[in-house]
Amino acid sequence: MTFLFGDRLTFVAHVSRSGLKKSKMKKESRIISLIVGGTLFMEMLDTTAISTALPKMAHDFESNVVHLSAGITSYTVMLAVFIPISGWIADRYGAKKVFNTAIIGFILSSIACGLSTNLTSFVIARICQGTAGALMVPVGRLIVLKHTAKKDLVDAIGYIAWAGLLGPIVGPVLGGFFTTYFSWHWIFFINIPFGVFALWAVHTFIPAMESENSRPLDIIGFLISGLGLAGIMLGTEMIGAANGDYTKPLVTILASFALMAVAVWHSKRIQYPLIDYSILKIKTFRVTVYSGSITRMVINVAPFILPLMLQLGFGLSPFHAGLLYMANMLGSMSMKPVAIWITRRFDFRKVLIGNGIILTIFTAGLSLLSLQTPIWLVAIVFFFSGLTRSLQFTSLNTLAYADVPNGQLSNANTLYNTAQQMALGMGIALGAVTLHLASSYYQDTVYQMRDFSLALQLIAGLSLLSLIEYFKIKPSDGANLRGLPSQKEVQKAA
């Protein structure tokens with residue numbers, strides 16, 4: 001107890017006397033969270049379903065499957081470029097209006113993707129879709145933050161994450177179904193009914209939100225950060241495609257980080273920066289961005305390295321590998337309702353450290369799987385691995401906004417969404433790099449099970465490293481998110 005709570009016994013005693021005062025979440029906040037979760041589901045469904053259709057699309061476009069990666073890369077690059085400006089656009093023109101426009105843009109660009117007849121038209125449509133997606137979900141999250149009390153954020157974030165997790169589960173199955181029995185075009189056309197329903201729900205349930213400021217656009221900051229973030233995403237994509245020579249991707253990434261450093265320097269010299277990085281002075285937000293990004297990289301390795309391990313290491317077919325990997329995703333989904341109870345019952349310091357250790361153990365445990373391991377045991381390990389990943393992800397996403405003033409929610413949301421997008425791309429790169437290091441160590445020309453084992457051990461080491469900053473969190477941090485009095489309120493009452 002002392003190990004996790006330090007000497008904050010007064011606060012703990014007060015909490016034990018006052019109990020977990022959980023008031024019912026407002027109906028409006030719950031509905032808005034579900035609407036935004038629905039748009040995230042639509043985006044994730046689209047993103048994961050396309051992978052199953054790439055061979056058929058390449059055939060129809062008379063192109064190579066490798067070249068089709070441009071359609072995926074262009075989407076992620078647009079997310080990286082336009083997420084930073086999403087907060088400014090929402091504040092300037094009204095979050096509800098921008099959210100509506102983004103949904104319409106996503107529907108129209110999805111139709112364009114489905115109507116594409118060649119690779120060029122498909123890439124252009126995906127660029128438009130990525131731009132709309134960069135505004136849709138981040139602005140939706142901002143609306144949730146502005147219509148939800150701090151004590152209800154645990155529930156609100158849980159609703160969004162739960163809906164978003166359905167996408168990676170349903171996407172590959174639905175994509176394979178459409179591609180096999182109809183055509184790959186329906187992967188994109190399915191967004192039409194989802195999008196229309198979302199537009200109706202936004203019009204019906206989300207109140208009007210007018211412009212909140214008229215600050216000028218930081219064009220220089222937008223260009224510098226846009227180039228830097230796009231370069232990071234391109235560099236990480238290049239790492240995944242590199243065949244042992246990482247010179248170009250590493251130079252690209254280093255140059256891009258240098259541009260981001262210039263963007264931070266620039267933000268301190270003007271009155272209205274695109275992203276005000278001074279918000280990183282808030283401890284809880286800073287920890288969830290820095291150490292949280294390392295944790296999210298570890299979490300985002302799973303969708304890349306585990307299906308690959310099942311196919312190349314265990315020798316399973318893509319279909320059977322996908323079915324077995326679903327155990328991981330089902331674990332993630334199963335944790336969502338439990339995560340809400342856990343984060344209300346225990347403080348964030350205890351959850352992030354305790355579950356972080358468990359996450360590290362299960363990541364290392366995945367490296368112990370072998371061809372002799374029964375399939376049912378592999379499924380169980382995958383399931384519990386998904387549980388721990390989901391709890392850590394939900395806890396970080398909730399704690400991030402604990403101490404952010406309402407006036408800075410837009411800026412915090414923009415920076416946090418940008419960090420999440422970067423962690424997603426760099427998580428995939430982390431999997432590719434560790435696999436290459438492992439195969440170089442064993443001098444394997446084709447990935448073997450031992451390569452995946454060593455890669456997962458290296459990733460587990462990184463997961464353990466991310467725990468260091470979580471010890472800086474106090475037991476009282478995030479108490480307002482749990483419906484409890486903050487430490488300042490306890491001291492005032494005393």
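Values in this document were obtained by computation on a predicted structure and should not be read as measured data.
Using a 4.0 Å cut-off between charged side-chain N and carboxylate O, K283 and D477 make a salt bridge. A salt bridge links K146 with D91: the closest approach of a Lys/Arg side-chain nitrogen to an acidic carboxylate oxygen falls below 4.0 angstrom.
Screening I89, I103, I143 for a side-chain contact (heavy atoms from CB on, under 4.5 Å) involving V98 leaves a single residue, I89. Partner of R141 under the side chain to side chain donor-acceptor pair (under 3.5 Å) criterion, out of T414, N397, N417: N417 alone. No option in K472, R286, E469, R296 other than E469 meets the side chain to side chain donor-acceptor pair (under 3.5 Å) test with S291.
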Walk me through it: do L135 and F106 pass the test side chain to side chain contact (heavy atoms under 4.5 Å, CB included)? CA-CA 10 Å; L135 297 177; F106 198 84; over 6 Å; no

Run the side chain to side chain donor-acceptor pair (under 3.5 Å) check on S367 and S453 step by step: do they pass? CA-CA 4 Å; S367 71; S453 297; 5.6 Å; no

Check against side chain to side chain contact (heavy atoms under 4.5 Å, CB included), M422 and M233: CA-CA 7 Å; M422 293 301 101; M233 294 306 295; 3.4 Å; yes

CA sep, side-chain torsions, deciding dist, call: L399, I473, side chain to side chain contact (heavy atoms under 4.5 Å, CB included): CA-CA 10 Å; L399 180 62; I473 300 173; 3.8 Å; yes

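Taking both residues in full, the closest heavy atoms of T295 and S466 are given as OG1-OG, 3.3 Å, listed atom of the first, atom of the second, then distance. Between T288 and L396 the shortest heavy-atom distance is CG2-O, 3.7 Å. Between M309 and L369, the closest heavy-atom pair is CE-CD1, 4.4 Å. Nearest heavy atoms, A412 versus V404: CB-CG1, 3.8 Å. Counting all heavy atoms, side chain and backbone alike, G130 lies closest to L79 at O-CD2, 3.5 Å.
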Quiz: residues 38-45 side-chain donor-acceptor pairs under 3.5 angstrom, not counting sequence neighbours:
residue	atom	partner	partner atom	Å
T39	OG1	V36	O	2.6
E43	OE2	Y75	OH	3.4

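No more than 12 heavy atoms of other residues, nucleotides or ligands lie within 6.0 Å of CZ in F384, so this atom counts as exposed by the packing criterion. For F205, the CZ atom counts as densely surrounded, since its 6.0 Å shell holds more than 12 non-hydrogen atoms of other residues, nucleotides or ligands.
Residues passing the ring-ring contact (aromatic ring centres under 6.0 Å, His included) test with F382: none are found, sequence neighbours excluded.
Pairs of residues two or more places apart, or lying in two chains, that qualify as side chain to side chain donor-acceptor pair (under 3.5 Å) and include a residue from residues 128-138 are D46-Q129, S110-Q129, R126-Q129.
Using the six-membered ring where Trp is involved, W341 and F346 have ring planes that are perpendicular, over 60° apart on the 30 and 60° scheme.
You'll find the ring centres of Y416 and Y401 inside the 6.0 Å limit.
N355 and T388 share no donor-acceptor pair across their side chains, judged by distance under 3.5 Å alone.
By the 4.5 Å heavy-atom criterion applied to side chains, H147 and P207 are counted as neighbours.
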